[in-house]
Amino acid sequence: MYAERPGAVDVVIAGGGPAACAVALTLRRYTGLSVMLVEQSGYEHSKVGETLSPGVLPLLDYLGVGEAFRDAGFSPSYAFTAAWGDGQVRARDFLFTGRGYGWHLDRRRFDAGLANAARSFGAQLLLKARLRDICREQEGWRLMASLEDGEVPLRCGYLIDATGRSAWLARAVGAKKLRHDRLVGVATYHAASTVPVEACSLVESVPQGWWYSAPVPDGRVVSVLMTDSDLLQESHASRFAFWQAALDRAPQTRARIGGREAEEPLRIWPAHSQSLVPCCGPGWAAAGDAAAAFDPLSSMGIGYALSTGIQAARLAAAHFADGSGEALQRQAYGDDIGRHIDEYLTLKRGYYEAERRFAHEPFWTRRRSGGEAL
């Protein structure tokens with residue numbers, strides 16, 4: 001193993017979200033490889049919540065954290081609803097899938113829980129740390145981790161990029177990002193109230209894009225306007241006025257918020273679709289959003305992050321076990337990611353073509369034509 005050398009570890013993972021933790025948990029549970037997670041935050045900041053489908057449970061069980069997740073007390077989500085194509089709200093009940101209900105996540109707590117589980121299985125965890133000075137060596141990689149109190153030189157045999165849409169590590173070793181649209185989320189939280197909110201997520205289309213809203217475990221409601229970054233920037237109104245104008249066109253979302261005040265300034269976060277070319281190479285692989293990122297409407301976020309993290313971990317294991325096996329698995333991994341992207345782009349166009357009320361609005365015209373020029 002590479003980690004038998006002084007100051008070295010077998011696998012370094014850039015990132016600390018679900019994809020990164022899936023890599024670490026897979027390697028620590030199913031191989032003898034040493035692993036280090038390098039996360040820029042300390043999991044102290046809140047993240048926009050996400051509704052987790054019950055279909056993700058088998059992945060959590062495989063990673064050894066399913067029971068802990070079930071005991072964590074996340075709020076149940078019995079359905080997701082949508083006002084899409086017309087003003088009627090229609091529901092799809094998770095219970096009809098045969099897998100039970102889903103959950104509204106506190107993403108900060110969920111991500112931190114996965115990272116702590118990886119550490120309990122023997123992974124090293126560096127928080128508030130950044131990787132830099134990445135250099136390929138004959139048998140691996142040399143790099144530097146910058147922490148609040150100094151720097152740590154590292155050597156490893158394999159690198160995993162789980163840095164999200166930035167995919168900065170993969171780009172540092174020669175990969176390129178291909179963006180498919182300019183989608184961003186404009187998010188805020190609304191104060192808790194004595195008036196209950198139905199335990200389901202809601203999607204509602206408007207001329208400027210579409211809304212997502214859901215209750216979060218502490219009693220607040222999160223609302224997110226999904227729109228294109230250039231439409232937001234080119235509007236003559238302020239960011240808040242743009243957000244408010246879109247809310248005025250969303251009666252179902254307004255009713256759900258119910259006059260609750262926004263608790264914090266609007267936050268903008270990237271939500272564009274993209275793919276990485278290539279998504280892996282000799283001695284490295286990307287996982288999660290770094291490999292392929294999807295429109296939140298697809299509900300492919302956490303589940304896809306976990307599944308690609310597991311696959312990337314198997315690539316790393318093959319690297320140490322058999323060089324020829326790694327090459328074959330790299331090809332299969334790249335083909336698999338490519339197939340998912342092609343299928344997703346077809347489904348995405350179908351989703352957006354189902355909404356015809358705003359066909360002449362720029363946001364919808366781009367997606368109906370498939371020509372979202374950047």
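Source: prediction; values computed, not measured. Values below: all heavy atoms of this structure, side chains included; hydrogens, waters and symmetry mates excluded.
R70 pairs by the side chain to side chain donor-acceptor pair (under 3.5 Å) definition with D61, not counting sequence neighbours. In terms of the side-chain contact (heavy atoms from CB on, under 4.5 Å) criterion, residue partners of E44 (sequence neighbours excluded) are, by chain and number, S41, K128. Residues passing the side-chain contact (heavy atoms from CB on, under 4.5 Å) test with R267, sequence neighbours excluded: S46, V48, Y189, E264. In terms of the side chain to side chain donor-acceptor pair (under 3.5 Å) criterion, residue partners of D336 (sequence neighbours excluded) are, by chain and number, R339. Scored by the side-chain contact (heavy atoms from CB on, under 4.5 Å) test, A123 finds A24, R28, V35, A118 as partners (sequence neighbours excluded). Every residue two or more places apart in sequence or in another chain that forms a side chain to side chain donor-acceptor pair (under 3.5 Å) with E204 is listed here: T253. Qualifying side-chain contact (heavy atoms from CB on, under 4.5 Å) partners for F240, counting only residues two or more places apart in sequence or in other chains: S238, W243, Q244, L266.
Within the structure, side chain to side chain donor-acceptor pair (under 3.5 Å) contacts touching residues 274-289 (residues at least two apart or in different chains) are R165-D289, H180-S275, H272-Q274. Residue pairs meeting the salt bridge (charged side-chain N to carboxylate O under 4.0 Å, His left out) criterion with at least one partner in residues 298-313, sequence neighbours excluded, are absent. Screening residues 8-39 for ring pair (Phe, Tyr, Trp, His ring centres under 6.0 Å), with sequence neighbours left out, gives Y30-Y62.
In summary, the aromatic rings of F358 and F363 are positioned with their centroids too far apart to meet the 6.0 Å limit.
Grouping Ile, Leu, Val, Met, Phe, Trp and Tyr by side-chain contacts under 4.5 Å, direct or through others, leaves L178 on its own.
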Name the atoms and distances for all side-chain donor-acceptor pairs under 3.5 Å in residues 166-176, with sequence neighbours left out.
{"from": "S166", "atom 1": "OG", "to": "T163", "atom 2": "O", "distance (Å)": "3.2"}
{"from": "S166", "atom 1": "OG", "to": "T163", "atom 2": "OG1", "distance (Å)": "3.4"}
{"from": "R171", "atom 1": "NE", "to": "S166", "atom 2": "O", "distance (Å)": "2.8"}
{"from": "R171", "atom 1": "NH2", "to": "S166", "atom 2": "O", "distance (Å)": "3.0"}

